[in-house]
Structures are given as structure tokens and as C-alpha cells.
Amino acid sequence: MAILVVGEHDNAHLSDATGKTVGAAAKIGGDIDILIAGENAGAVAAEAAKVDGIRNVLHADGAVLAKQLAEPMQALIVPLMGDYDALLAPATTNGKNYLPRVAAALDVMQISEIVSVEAPDTFVRPIYAGNAMQKVRSTDKIKVITVRPTAFEAAKLSGRASVKSIAAPAGPFKSAFIGEELTRSDRPELTAAKIVISGGRGMGSGENFAMIERIADKLGAAVGASRAAVDAGFVPNDYQVGQTGKVVAPELYIAVGISGAIQHLAGMKDSKVIVAINKDEDAPIFQVADYGLVADLFKALPELEEAL
Amino acid sequence: MKVLVPVKRVIDYNIKARVKPDGSGVDLANVKMSMNPFGEIAVEEAVRLKEKGVVSEIVVVSIGPLQAQETIRTALAMGADRGILIQTEETVEPLSVAKLLRAVALEERPDIAILGKQAIDDDANQTGQMLAAMLDWPQATFASKLDIADGKAEVMREIDGGLQTISVELPAVITTDLRLNEPRYASLPNIMKAKRKPIDMKTPDDYGVALDIRLEQITVAEPPKREAGVIVDSVAALVDKLKNEAGVI
Ligand SMILES: Cc1cc2nc3c(=O)[nH]c(=O)nc-3n(C[C@H](O)[C@H](O)[C@H](O)COP(=O)(O)OP(=O)(O)OC[C@H]3O[C@@H](n4cnc5c(N)ncnc54)[C@H](O)[C@@H]3O)c2cc1C
Ligand SMILES: Nc1ncnc2c1ncn2[C@@H]1O[C@H](COP(=O)(O)O)[C@@H](O)[C@H]1O
């Protein structure tokens, strides 16, 4: 069995999700290579070479790969797959964008967002917003899989694999990068944070999120939100936790002014400890909370900040 | 310009899916079904493009049981022009859906296909990307803003770190994210008008696509249940529990 894992990075650092995807690959078992596709991403390739249990790092560099757009990623990966039995990428917006394209080119059904490896061809994945867990066996010759990073342990960083350069695809391609607006924050990344504190519609305004941010800073936590809070413009879209947002599983998740719709629960109910602060004692969020506080958040949050 | 909008009939998003006791799947008997919410957003976007004069015809297509006609009717009532139902009672995996949509696209020759980013039942998030690959079209997934001009679409995409804008040459596949628009409710006159709009009835055989199953479902199980927690009576009690009982702060 030979497995290719596509590394996720910003051309400077390898993401935490990559280590976890390698963790999933290790459960399948076999020789694991990491592909680093980027622009001036030599440092990332060197970092990938340290991931434990890796045979080789394949490094493709070129302007066309700078943003890992789907078309060049397809052109890069498909020809490599003659040498592999499985292809894994993290189920991030990036992986979800290019991997199904590769799967179709290989005439393979992608196995989306696995949370467990039962056998090299058998996996568990959530469906219906995580209200059901589907165990599936893939009959495809090549397994193309996205991995939910929160469900796997990251591989350690003590290895010394070698880095092989491969050519970037030539193109031309029919898509072009124009620009991006990235949310800048000194707080930990939402999907990797040990503590997450999220606000919902109950926060009332974007200004009021400052109460959450101050507590986040005291706890070293990341800040998340429900879709209602994002829709209302309180916080940027990449704060959204849920079925169609980010999936988090921190040690501690604090939900403030969030009712607990199934779509929100899908993104946080695997957290180790859940706290809910809501003034409505019947809010469904209390059904998944380890500790519930029925209170007005405008009173509870300042008290909490004080007490920490 | 012509738009193709694939819409899926799924469990209504307000309903919590229940796993059947025998582990054979999710119980959909007597459960409210609706158009996949991301499909509604796709239809809405197509209708807005038509209202702006960018688009002249909107074709919706659904693959599923006879009742998926209702889903198509909903789209027609929102403003789509005609529908195609590819009728089957079988499970159709995204790969086969994409193959059927490819066949439809080769017949219809649309300039854009707008799909939902994800169906809320299988949560696969792959059909649009697969269709793009099969047609050798560029793709812009997770769209939160779409502008069409000069044979290109400029698309703002929701990505993990924030927002990204890309430009794709037409024809292209776009998949919708939640903030692209807020779908309208169909008015009564439009619902009446939709009854007279045509729906072509087809089968997978008409397109020569075999519905093979690549992912055999072994079982469907309930997710792990969380133990019921406790209600604390003050912030002080909460902090105490988090420090001394849970040990997480
Ligand atoms: C296709 C689709 C996908 C979706 N995906 C997601 C997703 O990924 N993530 C997501 O979160 N949602 C998602 N949603 C939306 C979801 O259905 C809910 O609408 C949303 O989660 C509600 O957000 P909320 O809990 O903040 O708001 P509400 O449901 O309005 O709840 C607000 C809560 O705040 C409480 N509150 C108000 N004021 C106070 C106060 N002063 N003090 C204390 N408590 C207060 C109220 O009691 C209430 O419980 C999706 C919906 C659809 C259709
Ligand atoms: N059976 C179907 N009929 C029509 N469109 C579908 C069907 N299945 C998936 N789609 C389209 O593909 C999108 C993504 O679905 P999925 O890849 O299953 O998450 C949906 O939002 C629809 O636009």
C-alpha cells in the first residue's frame, strides 16, 4: 500500500491538519509520501520531511500552485496516482475544493470527511449533520479520502524523510487568483485551539463580541460563532462553526447566546467539555452541555472575565 | 446565456434525522422533505442573474424519485424556466450524479452550472467539483458573491482563513455558500404559473449512465451520545467546576 497525503500550508508553514491527515494515513498503513504544492514553499517541504513515518516528500513549486487552485492541483496530482493506492487530504475548504476534482478524473467516488479508519477500505463518516454515522466500504481501486482533522492524532515531528522535487504543471488554466481578505488574528486557529468560545445571535452586535474576545485572550482561546452571528455581520464568515462551517473538537467549548440548532451542534458536539450560557433554560444547547448556566450573557460574561 | 441548476430533494433542514434501529439507514418515512438549502440559494442566484438580464434561460435538473418533481416545481415557482427529472428509486452516488449532469450539460450546453456546495443528507460536498472535472471546466466553489462579465465569472469564495476572489472563464461550475443570497419565497401567482412550466421526464438509461455503487454502506449508527450535564447556579460555580472538576482551565 502506498499513500499520498496532500499537505496543507500557506507557503510558509505546514498546517496542523496535515499532521492529523498523516495520522489517518498511518491507520490505513503503508508507505506514506507527502505532496507539497506551492510557490517558494521549500521551508514547508523541509517541515513536511520531519513528519514521523514519512517515506518521501514530493515538492512541486511554481507560481501556478501558489494558491492551490483546483485545476492546477488536478493537473499535478492525477499523473502521480499511478504510484499510489490512496490519496488523502484534510477536509479543509482547500482539500474539499480540489480533491473531488481529482477523484472524478480518476473515476473514483471520494470518501468525504472520514472520522475513523476501520480497515484499509472501510471508513466511518458523519452524514445528516452528524446525526448518523455511516460505515462504508470503498470498492474503488484507488481510495480518495478527505479527513476530518479533529478526529485523528497528529503524527509527531521527529522524522527525516528526503525531499524530491517534481515539476509544477504547465497550464494554461481557466481560473486565476485575484485576491484575498484573510482574517488577521493573534489568537489560536479555530480548528486547532484547545479552548473555543463562540457567540451567537444573542450577542446582539459585533461590538459586544469584545466581551467574548477579552475572555478568549485570558484563556488563550479561539473565537467562533454561529451562523446567525455571521449572517448578522457581527464577525467574519470564517468564524462559523457547524455542519457547513468549521468542525472543532477542543478540550473546552463555551457557547454564549447560541440556541443549539442541529447545524451548529454538528460542528462542536465532539468537544471534550461543553459550556452553554443562555438565558432560555429550554435552549437545545443545554442538552449537549456538560455545564449549563441559565443567565443573561450581558451579566454573565463580565463576571466570567473577572473570575478568570 | 443559459444556466443549469441541479437541485436535490433532501430531508428538511429543520428535521433531525433518526437512525433506523436495524442500522440500515436513516428513517425517511413520513419525514418532511424539501429542496436542499444550498440548491435554493443556487436557484435564487440564477433567477437574480435572469432579472439582471445576464441570463436568458434557467434549466433545473433533479435526480431522484418521482416526488423530486415537487422540488423542481419549487424552483420553477422561484423563477426557473423548465425542469428535467432523471427519475430513479436507486441510491445515486455523487460520482454518478456528476456523470448524469455531465450528460445533461453536453445536451443543454449551458454557460454556467450553479450547484449547492453540499447536500445536507450525504454531506459529501463533491458533486460540483466532479462535474467541473468531467466537463474540463474551471470551478469556483463556496461562492459568496458572483459577478459575470466578458465571458468570465468573478467569484468571491469562503475559505478557512477568510475570503478569496478568483476569476474563471465560462463555461464554469459554481457552488453556492450560505451567504451568496437569501432565497425568495415563491408568490402564489408564480406557484400557479409554475404548474404550466414543462418538466422533461428522463431515466438514467436515457443518458447511458450506470448507477454503480462504489461506496457500499455497511451500517448506519447513532453518533456517540453525550451524557446529560448539570446546570450551575452562578459564574463562580461554573469557574470552580471548570477548574476543579473538569480541569480544563
Ligand atoms: C443549510 C444550512 C446550514 C447551516 N449551517 C450552519 C452552521 O454551519 N453553523 C451554524 O451555527 N448554523 C448553521 N445554520 C443555521 C442554524 O440552523 C441556526 O439558524 C443557527 O445556528 C442559529 O444561530 P444562533 O443559535 O446564534 O441563533 P438563535 O437560534 O436565534 O439563538 C440565539 C440564542 O441566544 C439566546 N439569547 C438571546 N439573548 C440572550 C442574552 N441576553 N443572554 C443569554 N442568551 C441570550 C436565546 O435564548 C437563543 O437561544 C445552517 C442553516 C442552514 C439552513
Ligand atoms: N440527486 C441529485 N439531483 C440533483 N442535484 C444533485 C443531486 N445530488 C447532488 N446534487 C447537486 O450537487 C450538490 C452537492 O451535493 P453533494 O456533493 O452530494 O454534497 C447539491 O447541492 C446539488 O446541487
Side-chain angles (χ1 to χ4, degrees), chain A residues 69-71 74 92-93 96-97 100-101 103-105 109-113 122 126-140 174-183 219 227 231 236-238 243-244 251-252 262 269 273 275 288-294 300 303-304 307-308, chain B residues 11 13 16-17 19 26 93-95 98 117-118 120-126 129-130 132-134 137-142 144 154 158-169 178-179 214-223 226 229-232 235-236 238-239 241-242 246 248-249:
Chain A
L69 296 186
E71 281 181 274
Q74 175 191 348
T92 53
T93 47
K96 288 175 181 174
N97 183 42
R101 205 175 161 107
M109 230 332 256
Q110 173 180 285
I111 313 152
S112 298
E113 218 155 341
T122 307
I127 52 175
Y128 291 89
N131 286 310
M133 307 302 283
Q134 182 187 41
K135 191 194 283 185
V136 289
R137 183 185 300 121
S138 163
T139 57
D140 279 313
K174 291 176 262 186
S175 42
F177 173 79
I178 302 217
E180 60 196 359
E181 289 165 44
L182 299 182
T183 310
L219 291 171
R227 175 194 169 193
D231 272 355
N237 65 279
D238 53 306
Q243 178 189 15
T244 59
E251 300 277 299
L252 172 61
I262 46 181
K269 70 183 164 53
V273 174
V275 169
V288 300
D290 299 281
Y291 303 111
L293 180 64
V294 182
E303 273 180 45
L304 181 58
L308 291 171
Chain B
I11 190 169
Y13 84 97
K16 187 171 173 213
V19 173
V26 160
E93 291 180 344
L95 184 67
K117 79 162 175 182
Q118 165 175 352
I120 61 161
D121 52 359
D122 64 20
D123 282 335
N125 194 334
Q126 54 179 320
Q129 298 88 317
M130 289 183 147
M134 289 173 185
W137 289 4
Q139 70 187 49
T141 51
F142 324 146
S144 64
E154 190 167 302
E158 297 200 7
I159 58 168
D160 285 337
L163 294 165
Q164 177 185 73
T165 304
I166 65 169
S167 163
V168 290
E169 287 170 25
L178 290 169
R179 270 160 297 276
R214 309 293 188 81
L215 285 186
E216 292 168 5
Q217 176 170 297
I218 302 174
T219 51
V220 173
E222 295 260 3
R226 288 193 76 95
V230 296
I231 294 288
V232 295
V235 168
L238 175 63
V239 172
K241 293 270 192 199
L242 292 178
V248 286
I249 59 169

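Letters go in sequence order (proteins before strands), and every chain restarts at 1. Given the structure is predicted, the values throughout are model-derived calculations rather than measurements. Note: hydrogens, waters and symmetry copies are ignored here, and every other heavy atom, side chains too, is used.
Side-chain N or O atoms of B:Gln139 include one that pairs as donor or acceptor with a backbone N or O of A:Asn97 at under 3.5 Å. In this structure a side-chain-to-backbone donor-acceptor pair under 3.5 Å is missing from B:Glu216 to A:Val136. For B:Lys117 (side chain) and A:Thr244 (main-chain N/O), a donor-acceptor pair under 3.5 Å exists by modelled atom type.
For the set A:Glu303, A:Glu251, A:Gln110, A:Glu113, the count of heavy-atom pairs under 4.5 angstrom toward chain B peaks at A:Gln110. Note on B:Glu222, B:Gln118, B:Met134: by heavy-atom pairs under 4.5 Å with chain A, the leading option is B:Gln118. Most heavy-atom pairs under 4.5 Å with chain B: of the set A:Ile127, A:Thr122, A:Leu308, A:Val294, this distinction falls to A:Ile127. Ranked by heavy-atom pairs shorter than 4.5 Å toward chain A, the options B:Arg214, B:Met130, B:Gln217, B:Glu93 are led by B:Arg214. Note: A:Ala176 leads A:Ala176, A:Ser138, A:Ala104 in heavy-atom pairs under 4.5 Å with chain B. Your options are B:Val19, B:Ile11, B:Val26, and the one with the most heavy-atom pairs under 4.5 Å with chain A is B:Val26. By number of non-hydrogen pairs under 4.5 angstrom with chain A, the leading residue of B:Pro223, B:Gly229, B:Ala236 is B:Pro223. Chain A forms more heavy-atom pairs under 4.5 Å with one residue of B:Ala124, B:Ala133, B:Pro94 than with any other, namely B:Ala133. Among B:Ala140, B:Ala246, B:Ala98, the residue making the largest number of heavy-atom pairs under 4.5 Å with chain A is B:Ala246.
Contact of the A:Glu180 side chain with the B:Thr165 side chain is not registered, since no non-hydrogen atoms from C-beta on lie closer than 4.5 Å. Within the 4.5 Å cutoff, side-chain heavy atoms of B:Glu154 are placed close to those of A:Ile178. By the 4.5 Å heavy-atom criterion applied to side chains, A:Thr93 and B:Glu158 are not counted as neighbours. Within the 4.5 Å cutoff, the side chain of A:Arg227 has heavy atoms near those of the B:Arg179 side chain. At a threshold of 4.5 Å between non-hydrogen side-chain atoms, the residues B:Val168 and A:Lys174 do not count as touching. Looking only at side-chain heavy atoms (C-beta outward), B:Leu242 and A:Val275 come within less than 4.5 Å of each other. In this structure, A:Asp290 and B:Arg226 have side chains that are in contact, with non-hydrogen atoms separated by less than 4.5 Å. Contact annotation: the side chain of B:Asp160 never approaches that of A:Asp238 to less than 4.5 Å [non-hydrogen atoms, C-beta and beyond].
Remark: A:Lys135 NZ to B:Thr219 OG1 distance equals 4.5 Å, nearest 0.5 Å. In this structure, B:Ile159 CD1 and A:Leu182 CG are separated by 5.5 Å, a value rounded to the nearest 0.5 Å. A distance of 7.0 Å separates CE of A:Met109 from CG of B:Leu95, quoted to the nearest 0.5 Å. Note: B:Asn125 CG to A:Ser112 OG = 7.0 Å, rounded to the nearest 0.5 Å. Going from atom CG of A:Asp231 over to atom CG of B:Leu178 covers 7.0 Å, rounded to the nearest 0.5 Å.
Of the atoms belonging to A:Gln134, heavy atoms from both backbone and side chain fall under 4.5 Å from chain B. Interface remark: A:Leu219 contributes side-chain atoms only to the contact with chain B (heavy atom separation under 4.5 Å). For a residue to count as touching a neighbouring chain, one of its non-hydrogen atoms must lie under 4.5 Å from one of that chain's; by this rule A:Glu181 touches chain B with backbone and side chain alike. Of the atoms belonging to B:Ile120, heavy atoms from both backbone and side chain fall under 4.5 Å from chain A. Residue A:Ala300 touches chain B through both its backbone and its side chain, counting heavy-atom pairs closer than 4.5 Å. The part of A:Ile262 that comes within reach of chain B is its side chain, from C-beta onward, which places non-hydrogen atoms under 4.5 angstrom from that chain. For B:Val239, the part lying under 4.5 angstrom from a heavy atom of chain A is the side chain only.
Remark: A:Ala129 engages A:Asn131, A:Gln243, A:Ala266 in a side chain to side chain contact (heavy atoms under 4.5 Å, CB included) (not counting sequence neighbours). B:Asp121 pairs by the side chain to side chain contact (heavy atoms under 4.5 Å, CB included) definition with A:Tyr128, B:Lys8, B:Val10, B:Ala119, not counting sequence neighbours.
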Checklist entry - Is there a side chain to side chain contact (heavy atoms under 4.5 Å, CB included) between A:Leu293 and B:Ile231 once you walk through the steps? => result CA-CA 6 Å; A:Leu293 180 64; B:Ile231 294 288; over 6 Å; no

